[in-house]
Amino acid sequence: MDVDMESQDTRDIASRIVTPGSVITNDTAFMRGHGTFAERTTIYSSVAGAVERINKLVSVRPLKQRYSGEIGDIIVGRITEVASKRWRVDVNSRQDGILLLSSINLPGGIQRRKSESDELQMRTFFAEGDLVFAEVQSYFADGALSLHTRSLQYGKLRNGTFVTVFPQLVPRSRSHFHTLPCGVDIVLGVNGYIWVSKHVPASKVEENSELIYSDKNEFISDDERETIARIANCIHLLNRLYVKITDTSIIFAYEASLTHAVKDLLTREIAIDLAHNVKTRLEQQS
Amino acid sequence: MAETKVVLPGDIIDTSLDSDEEESSVLRLGPGVAQIDEQVSAVAAGVLHSDNEKKQWWVVSNKRRYVPAEGEPVVGVVVARHGEGYRVDIGSAQGALLPLLAFEGATKRNKPNLAVGTVVYARVAVANSVMDPEIECYNSHTGKSEGYGELAGGFMFKCSLGLARRLIDSKAPVLNALGSGIPFEVAVGLNGRVWINTEAPATTVLIANAIKNSEFLDAKQCRQMVKELLEKQ
Amino acid sequence: MSANIFDRRRVNGPPRSVEPLYTDEGDVKPFTNGGRADGRSLDQLRPIFIKTGPLAVQPTFSPTAPSGSAYYEQGKIRISCAVYGPRQGRKSNPRMGSFDCDFQYAPFSCSWKRRPHIKGADEKEIALILEQAMAPAIRLEAYPKACIDAFVTVIESDGKFATISAAINCISAALADAGIELYDIVAACSMSLNASQWVSDCNQAEEDVSQCSLFVSRMPSADEITYLLQQGKTMPDQTDRAVQTCSNSCARVYAVLSRYLQASMEQPAS
Amino acid sequence: MVVEIEPSNIEREFLLEALEKGIRVDGRGIYDYRTLKITCSPTYGLVEVQLGQTRVLARVTCEVTRPFPDRPTEGLVQFNADLSNLAAPGLDSSSGKPSVQEVAVSRMIERVIRQSRAIDTEALCILAGEKVWSVRLDLHFLDHSGNLIDAASIASIAALRHFRRPDVTIDGEEAIIHDVNERNPVPLSIHHTPICVTFGFFGSNGDLMLVDPNLLEEQVQVSSFTITLNSHREICALSKAGGVPLAPSLIQRCTQIALTKVDDINDKIQEALMA
Amino acid sequence: MSRQELISPEGLRVDGRRANELRRISCRASVLNSADGSAYYEQGNTKVLVAVYGPREPRNRSLAQQDHATINVEFNIAPFSTSERRKRSKGDKRLLEISSFVKQTFEGAIQTAIYPRSQIDIYIHLLQHDGGTLETCINAATLALVDAGISMMDYVCACTAGFIDETPILDLNFVEESSIEVPNLTVAIMPRNGNIALLQMESKLHSSKLEDVMELAVEGCKHIHRKLDQAVLVAAKDLADKLSN
Amino acid sequence: MSSESVIVTPGRRLGLTQEYESGPGTYVRNGMIYSSILGTKKIEQALAETSDDSIKRPMLFVERQNTKFAIPVIGSEILGRVVRINPRAASVAIMMVDSAPCQEDFQGIVRVQDIRATEKDLVQMINSFRPGDIIRAEVISLGDQRSYFLATTKNEHGVVFAQSEAGNSMIPISWEEMQDPKTQTIEKRKCAKPVT
Amino acid sequence: MASLILSPAEQDFIIRGVEKGFRGDGRGSLDRREVTLRTGMISQANGSARCRIGSLGVGTDILVGVKAEVNTWAAGEPEECGTIVCNVECSPSAAQEFEGRGADEINVELTQLLDRIVGGEQSGLDLRKLCIIPRQAYWVLHIDALVLDVKGGVADALVWATRAALLATKLPRVVVESVTDDSGVARAEFDVVDDAEDQMGLEGARDLPLAATFNQIGRRYVVDASEQEEAVTQAKLTVAVSPKMEICAIQKGGMLKGFAPSLLSEITQTALRIAKEEFARFDALFAEASKHNGELDEEPSTGSTFLEPF
């Protein structure tokens, strides 16, 4: 195949597009990373994507794939099952994540020891369907992600709406929790789950730790609802048009969208137009 | 020992001893024999054995399905790992539980980590009608392994429970005959699984077949059979 | 080919068979010069008979006996219903209980030809309809993790829509008899449109000739319509009118139901 | 309920280690079949095949039915394979839909016999469009210790050849079916006798090959391949699904080996039928 | 159906193709939005739609495999797909057989070991049936799996071949494959090393002819591989452009 | 005011929340108390002494003479049969909730740490319950998808009826032992303190 | 769909939003999402259509094929008209719980609903025209729907797709001549003209209804609920309205609540009000779709832009 031919020379390995089974390099100096496999001296690609190379480690980043977790990732998940001493959490990955009762902040603020009664009333903390903002703490032996919410910014999500996007579009970065100038908080889970909500000052929770597990929403004014809807739609259209989703791109999209009514954002022409607009601005920036 | 007497379930067993002081003596009934009302009768089909001195009666029968009994050595295969221990298939109705710490010198910190599919030589620790059996890879009293533990290398094959019981006997003709011919390791589980190990696969296969063949042979035939096999080699 | 047409369970019948001869009772003209064949007035319901607890064995408690049951007649329609539960549910939901319903026609019960391709499908759907019509009336939050099952058997049916509404009334009675916590008793009633005239509680013959049938089930105390089903074409205002009249008829059925239930308590069923 | 116990690691490792040296755990040669025993019972069309520990019982029966309207002159051949946990725990027949193995085996046999038109269906016609023979082949698996397909194919062919159907005479529109003791029953007309030969492949990319895998070998093998040939050296079916991919050259090699195997199996069947 | 009708004196087949000619192939990935990967694949008049989910949490955890992913295939034939309408029950042995073939084939191709305790679902819909069901299912599934970004040793490409009038013919259509004289051989290969992932054949073919017929089929597979690879490349390149910056 | 008895059907208006507390067999919809079951309407005057300073309203409730089937809720006391045991937990078929029978058995489990209040880590399941035992226990949680969680930590909870290996019903001789009157064999159980 | 559980906070957010007239994606309570329509992708069917309701390619996605077959009349069947047989199947690609037998219940529900709307006279189709020879032979229209994806509002999409498929359906012409057999008895015989050119559409297909489903959320109701909105729906009402502004069928759904009578009549009024623009929208889309008759362009297009219709 032509692909293979051109691929023989290992000079420009990186940023080449490869497909499953195509040769990446015969150079034994390289080490095989994700999305590749080795046969004798040759390294082949096992997915369709762009070759990446960190000094001697070559890997292929698939352009579309479920989330595969890394320790330290900030994610949003949905509780699927309350088991004994643990919750199972859907994190859009190859298996449910696990949130141990021991790795959440128990109400009563200060890190209090968990007790028998906590085990029996786990649903008062998280019940099936609840959305949780958490961090990947470690892997279990079987490869499942172990999550924790031992920080005040983590915990149950309220006051907003939920959007799913392609995980590839959410780059890992310092911060995944942003308060946008338009007065909306967003949580960009690297697993492609995104939470858009009314801005609530962090202090408010700190004062009253009971709020961590409350299901009650704050009062949300009409304008706030409109903004939330607008942001949600912006994220949706960025996702569908495959534009990287960062606080910047979202703000750009938001600003560009203001000329349109919220519900029109999802009509094809406008969406394409906005997405294009965002990309150009992003390019200018970089 | 008298000529072999085959009993069927329900057969009344005459426990009257040639010795006279009977009522004082206590009868000991082994597997396959039970007291029903005032009489002793067989509850399993097989060969009746008795030991007049110890006043013991038991029936040796050749079952297919292993029923665990405490203290018996078994060869099992790890089929799963749970929080509290390994689930091990020992051919009994329920899989047996092998606690994580039931090994020589195992501690919370360092305990052997067995992969699924590992073969272990263990003894039955708990066996009762209401719970799954439990096995251990050491003698919980002495804390010593006493030869129990993971079986690495070699080959494992299944045989009838009866044969297994005969093999465990130190003077089992086949094993002795073979042993005189070729060096090999063997571990016999009363659950009808035998593990053997030699330096060459060929000999392993040979021994395995020899043991399987010995099922219906008496001591003399065994030696003959082994001899021929060894010559073939 | 033949390997999978071969049926493991059944002895296959003869390749050719002859359909039995039906004795058709000389086709009665449902509507002769405006009047109804059975002489009812257009908005008149057929007489209703109810009895609760026919399936309860004495003494009332036995693990196999249903917790409540009812037998219901409306004209020729005959329906029996047994309610089981609250009992352990298959799909257990810690917030609220679930209500499942099973509906079946006794083989001899229906006069109409079943369309072969949806064999049983209509029964399944009616079961679903009954669930959706009854569930709003049951205080499911009072039964976490548990489930309540109603089994409805149509012994004789006369008019599909009439039968469904009769089934609803029957279940209501059975649920009340079982002492299940309800917001209200659900009463239902059907209608058919014939020559731009709405006719209440039609029997089969009448439903067959009408271009549209519909039924309404209602909880009077909260004035809530728990189910509405219309099959066939109408002008919008006609529908409204029908819903109106049906609601009124429901009120009448409701009265009958509650009067009977009260009576049943006064002298406990011997 | 009962789950099949995977072979232990040491069994796997030993099997491979031995195979590297050309030794099989049951002492057989690489290209040897296990001892094949075919027993025909006095009743026509009832044959038991024993391939090592694997035992299959094949029963052929026939009845008169009406043909399919689109094929008025062709008799019917029906297959039914019954693979219950009688043969081995792990195979569970209790659940409604047939197990994977059952589908595989019964479809394979069906393919081998029907698609290759081993049986002359026209010869089963009594009165065109009215009456035809419907031949039914039931396979019962009594004991599963590997390579069901070969055993099943042998049993099927043997049973079909052993079977005799009542004789028929036609006068005009009337068909008289003669009782067995009134007239000698007649054998089915069989075009050819396809036999399955199954190969097991081992090693990371399947370069270790052996014939007639037993249960342990089946569980350990990385790939398997069944080739069906008849005495005219015609291929009647090929089946290789799953497992590691195989080099085309292997396929050719298997074909050659199979050709010889098929001949002596056919001989075995022959003498069994003579007996 | 007799041979004459299958190949005209000029050596043309019922649908006007030459003996060694494939049918027109067109395919497209990511046609369904909620599936992790999906593909629509046409080969002549045979049309398949495939949705791939996973690797994801197994539906029924007891079936989860400790050390590798379980692959679950459900194959469904749309009632309107065949020329005369036919509704198949889910228990139909042919359906089960096809799905188990697809399952087994991809168990060999997907690197299941890197997705332990998870499940990969492949849902196949045959929308229109004109021969070569198995081959189209496999090709479409491959495309969908690549689209889902699931790690595979290589593509799996399948193609059928037969043998009429002493000439091997490629890619049988419905008429050809339903005539019982014609041997019907389906081959699936891993193009990288040409190894055979799946091989099925029905009805009679003399052993000496096997080689030629297989060669032809393998040629077909290689051609299909080029088609698929091209499609994937275009898709991937395009996504890459979008992501760049 | 005397509690007159009127028979009411579900959905019948009974009174206003300003005047009455809503009791069992009733529910409240916007300020109105309705009956939720078929039964007799009863009114229970609030006891003077209990009502300290806040004036208590009389309770409206609907009563059914032949009480129907009950379902377990947290805190209710149940009677059940031990179905099977393993070292970690005993699964129980709940047959009675408080005094009312269940239509069908509900599944419950007693986890080994919930058998007794003290020295939990020494508890051996085999020494506490055997399949076939009848136990009294308390519902401590709605538990997981399938079973309710039960506890026998209280003294009056535990085995109330058990048979020995020989099949004779045994009598408790201590809070953790039972004896077969015939064979005199002693078996270990977590016995319930007989309630008088 | 049913599988989707929302957190209490989300539910509250949606419900309050709806009550205030703000939906999650900014739509008003009566706005429908983007609808995409394609026809004629199944060449072997007499008519076929694919309909997707949802924005930017995410949405409920249904494929409908119509197959016409000649049935010989049997006693007890209607004497001078053809029949319509509906069948809906939900693919597991829509939701994992549809695997195996999982979809049976919803299949029945949807099949019955579709049957209720287009299965008989009320559909506006002239069934008498489907009769070939009275008491001898008639056409059966098999409407087979395949639900590929579910993102709310299945019923509506189902009816939209079905209407498109039936409008696109072409029946081969049938010539009926009477022949007198040797015994001198005249019998009618027919044969189906096998000619792609010589086909005609269905009588009265233009009168086919469209359906709108109203989901009651909180104290208000919305049209074309999204997946999340359906998760908090207490009750829903599907109303099928014909171009002639007649009501062809009404069906209530949803377990949790019922409707206040006032709300009910309000809904039916609304249904009629919006019907006009719904039909206008449908016709535009259908015209558009019938232009390029669902043929895939030669160059294998890709997953790159998810906006590509299909």
Side-chain angles (χ1 to χ4, degrees), chain A residues 48 63-64 78-80 90 126-132 156-164 166 195-198 214-233 236-242 257 260-272 275, chain G residues 2-37 52-59 95-97 151 218 222-224 226-229 231-232 281 285 288 300 302-309:
Chain A
L63 296 145
K64 201 155 147 290
R78 194 185 287 278
I79 306 288
T80 58
D90 163 30
F126 295 109
E128 292 86 349
D130 285 355
L131 286 167
V132 47
K156 198 179 265 185
L157 291 168
R158 306 183 295 135
N159 307 326
T161 180
F162 176 73
V163 189
T164 55
F166 293 107
W195 183 251
V196 185
S197 63
K198 166 202 172 90
S214 123
D215 292 324
K216 288 267 152 296
N217 285 338
E218 315 275 326
F219 169 80
I220 304 175
S221 73
D222 294 5
D223 312 11
E224 287 165 333
R225 285 188 183 278
E226 180 162 0
T227 333
I228 291 172
R230 186 175 288 275
I231 294 288
N233 281 0
H236 186 60
L237 72 88
L238 289 175
N239 173 48
R240 295 308 292 174
L241 290 145
Y242 225 71
S257 77
H260 304 283
V262 176
K263 68 172 177 183
D264 300 335
L265 296 184
L266 296 184
T267 53
R268 186 172 303 173
E269 292 68 22
I270 299 177
I272 295 174
Chain G
S3 59
L4 180 70
I5 323 167
L6 298 182
S7 73
E10 283 175 286
Q11 296 180 358
D12 172 83
F13 184 83
I14 296 171
I15 293 171
R16 302 243 180 130
V18 167
E19 286 179 340
K20 290 180 164 171
F22 280 106
R23 295 172 68 174
D25 51 8
R27 281 185 290 156
S29 50
L30 296 185
D31 300 336
R32 190 178 284 286
R33 288 168 292 180
E34 183 184 9
V35 181
T36 334
L37 209 57
R52 178 163 64 198
I53 298 189
S55 306
L56 299 185
V58 182
Q96 195 174 16
E97 66 261 27
K151 290 272 182 290
V222 298
V223 176
D224 181 31
S226 71
E227 200 180 11
Q228 290 78 6
E229 285 167 336
V232 298
R281 189 173 183 183
L285 287 164
E288 177 57 28
T302 66
S304 54
T305 143
F306 304 90
L307 305 176
E308 272 308 322

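Because the structure is predicted, anything quoted here is derived from the model rather than measured. Throughout, protein chains are lettered first and strands after them, A, B, ... in sequence-line order, and every chain is numbered starting at 1.
The CG atom of L37(G) sits 10.0 Å away from the CD atom of E288(G) when rounded to the nearest 0.5 Å. Between the CG atom of D130(A) and the OG atom of S7(G) there is a distance of 5.5 Å, given to the nearest 0.5 Å.
Of the listed residues D31(G), D12(G), D25(G), the one with more heavy-atom pairs under 4.5 angstrom with chain A than any other is D25(G). The candidate with the highest count of non-hydrogen atom pairs below 4.5 Å against chain A, out of E34(G), Q11(G), R23(G), is E34(G). Between chain G and the options R225(A), K156(A), E128(A), the largest number of non-hydrogen pairs under 4.5 Å is found for R225(A). The choice from K20(G), R16(G), R27(G) that makes the most heavy-atom pairs within less than 4.5 Å of chain A is K20(G).
Proximity to chain G (any heavy atom under 4.5 Å) is shown, for D222(A), by both the backbone and the side chain. Neither the backbone nor the side chain of D264(A) comes within contact range of chain G, judged by heavy atoms closer than 4.5 Å. In this structure, no portion of R33(G) lies under 4.5 Å from any heavy atom of chain A. For I79(A), no part lies under 4.5 angstrom from a heavy atom of chain G.
Taking the side chain as every heavy atom from C-beta outward, V35(G) and R52(G) never approach each other to under 4.5 Å. When side chains are defined from C-beta on, E10(G) counts as touching W195(A), because their heavy atoms get closer than 4.5 Å.
Cation-pi geometry between R78(A) and F162(A) is met: under 6.0 angstrom from the ring centre, within 45 degrees of the axis.
One N or O on the side chain of R158(A) and one on the backbone of K216(A) form a donor-acceptor pair closer than 3.5 Å.
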